[in-house]
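What follows is a short report on a single structure.
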2 protein chains.
Amino acid sequence: MNSFTEENYLKAIYKLSLNGVQGVSTNAIADKLATKPSSVTDMIKKLADKKLVSYQKYQGVNLTKKGSDVAVSIIRNHRLWEVFLVEKLNFKWDEVHDLAEELEHINTHKLTERLDEFLGFPKFDPHGDPIPDKDGNIIQHKDVTLSDLIRGEKAVVVGVKEHSKSYLNYLEQLQLVLGVEVEVKDIVEFDATMQILVNNKQVIISNQASKNLIVKKI
Amino acid sequence: MNSFTEENYLKAIYKLSLNGVQGVSTNAIADKLATKPSSVTDMIKKLADKKLVSYQKYQGVNLTKKGSDVAVSIIRNHRLWEVFLVEKLNFKWDEVHDLAEELEHINTHKLTERLDEFLGFPKFDPHGDPIPDKDGNIIQHKDVTLSDLIRGEKAVVVGVKEHSKSYLNYLEQLQLVLGVEVEVKDIVEFDATMQILVNNKQVIISNQASKNLIVKKI
DNA sequence: TTATATTTTTAGACTAATCTAAATTTTATT
DNA sequence: AATAAAATTTAGATTAGTCTAAAAATATAA
Ligand SMILES: [Mn+2]
Ligand SMILES: [Mn+2]
Ligand SMILES: [Mn+2]
Ligand SMILES: [Mn+2]
């Protein structure tokens, strides 16, 4: 089997591949995992030996089918556990990520499937991220963010691109949670600061914040 | 914090201490953890440095208050997760131990307490083992086993001393599960094989099996 | 109470994962 | 195309946990 560390590398490579990048760079992985490029090179070699990634020196790394399957399965676990923690144990959406980082590695088919069933086969996690189904199929978000809207447009909040505690906490204070409807009232031309309507309240939100909020136009 | 490995050592020492032994031996720990005595000596030294055990060369090891607290907390996690797996995810009692061995190390106060609450503050796990409360208080079984009974006595099954898959599976086939009433019909003098009544059915059970079944006389 | 057996510890080596510093390769810039 | 900058890899060291083989201490038995 794969160690927790190997699984975390696979997950990181998977996520970095989503931006259409062909050949994920050593530095990008090091950054994401808060480790050093030399450590990444070592691990990549090991993953390549195990046929989990394809790799040529200096050319970046790509997941094989096998590696991608492992990554998706870890992500499935992670998101199912986040749903469990929020729905069943009443955690808040800014509290569950770190716990899910640990729970995701208990990678037993039967446990995952039973958990999925217990939760009623949820399609999205508490941050709006799609949960891969048991065959690994995953619907990616269309990635329209609040910052893409123009004055007068309305949309529903469907996810976040940034998962830090401070961001999630901030959003909750503004009542900018999943499912809430927003309307763009005004945009400052200089720095794209937005004035929006949330639950009938006027809210001012920076571009830094609005470009991490995934929405669906209505 | 403590590594998974350290936690497993503490748990092993805790369990070996329950037999009233003063000074748990290196070999006993090695046996329980399926490792070598030399590895145990190394780890004991580390745990002693961390004030989790008290230890003098060649004299065996004892948990400190601090070490005992960690051990009890891991055991609490383990048993709560076993309840979760059986009650909520419909696992059978012979399937949950290995999963709980992994889940128990996600040792976060808040998670444990929320899980306890979600499960309705259970007092016993699926094998009849008592669950320590949040302050670490734990009621130990009185340890009367089926093999202690004499002809004609009746009792209720309240636990098992052996947790192997094969034993639990065997018991289930005989319908010897928690809460079931048994009556001793006959005992073979030679090897203490018992003939008992379970759910109105006659069952023959070896001493090997009967001495691992914890019961409460009625 | 010596000799023998058993238990425990030490010494030295190995693997996984990490790091720093130096060397190499690739990419960008003159 | 030559040079500078950035990215990547290699070399060598470190830490946690483990192991085997040998030495030392304790327990048992003649
Ligand atoms: Mn998460
Ligand atoms: Mn999430
Ligand atoms: Mn168990
Ligand atoms: Mn149990």
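A note on names: the letters A, B, ... follow the listed sequences, proteins ahead of strands, and every chain is numbered from 1.
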Check the pair A:Asn27 / A:Ser25 against side-chain hydrogen bond (donor to acceptor under 3.5 Å, both in side chains), numbers first and verdict last.
CA-CA 5 Å; A:Asn27 271 357; A:Ser25 80; over 6 Å; no
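Residue A:Ile44 contributes atom CD1, which lies 11 Å from atom P of D:dT10 at whole-angstrom precision. Rounded to whole angstrom, the span from the CG atom of A:Asn8 across to the P atom of C:dA16 amounts to 17 Å. As a whole-Å value, the separation of B:Asp49 CG from D:dA16 C1' is 14 Å.
Contact check, B:Asn27 against C:dT6: no side-chain N or O comes under 4.0 Å of OP1 or OP2. Distances shorter than 4.0 Å separate some side-chain N or O of A:Lys45 from OP1 or OP2 on D:dT10.
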Check the interface with nucleotides 24-29 of chain D: list each N/O to N/O pair with the protein under 3.5 Å, or write none.
from, atom 1, to, atom 2, distance (Å)
D:dA25, O4', B:Tyr58, OH, 3.3

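Salt bridge present: B:Glu153 and B:Lys217 bring a charged side-chain N and a carboxylate O closer than 4.0 Å.
Across all strands, B:Tyr9 comes closer than 4.0 Å only to sugar-phosphate atoms, never to a base (heavy-atom distances).
Cation-pi contact between A:Lys88 and A:Phe118: present, with separation from the ring centre below 6.0 Å and deviation from the ring axis of at most 45°.
The local environment of NZ in A:Lys51 is sparse, with at most 12 non-hydrogen atoms from other residues, nucleotides or ligands closer than 6.0 Å.
Checking each of A:Lys50, A:Lys45, A:Lys11 against A:Glu6 for a salt bridge (charged side-chain N to carboxylate O under 4.0 Å, His left out) leaves exactly one that passes, namely A:Lys50. Checked against A:Arg76 for a side-chain hydrogen bond (donor to acceptor under 3.5 Å, both in side chains), the options A:Asp116, A:Asn107, A:Asp133, A:Asp125 give a single hit: A:Asp116.
Remark: A:Thr35, A:Lys36, A:Ser38, A:Ser39, A:Asp42, A:Met43 in residues 31-43 of chain A come within less than 4.0 Å of DNA chain C through at least one heavy atom.
If you check C:dT8, D:dT10, D:dA7 against the side chain of B:Ser25, the one that comes closest is C:dT8.
Ring planes of A:Trp93 and A:His127: parallel class, angle under 30° (limits at 30 and 60°). Between B:His97 and B:His163, the angle of the ring planes lies from 30° to 60°, which puts this pair in the tilted group.
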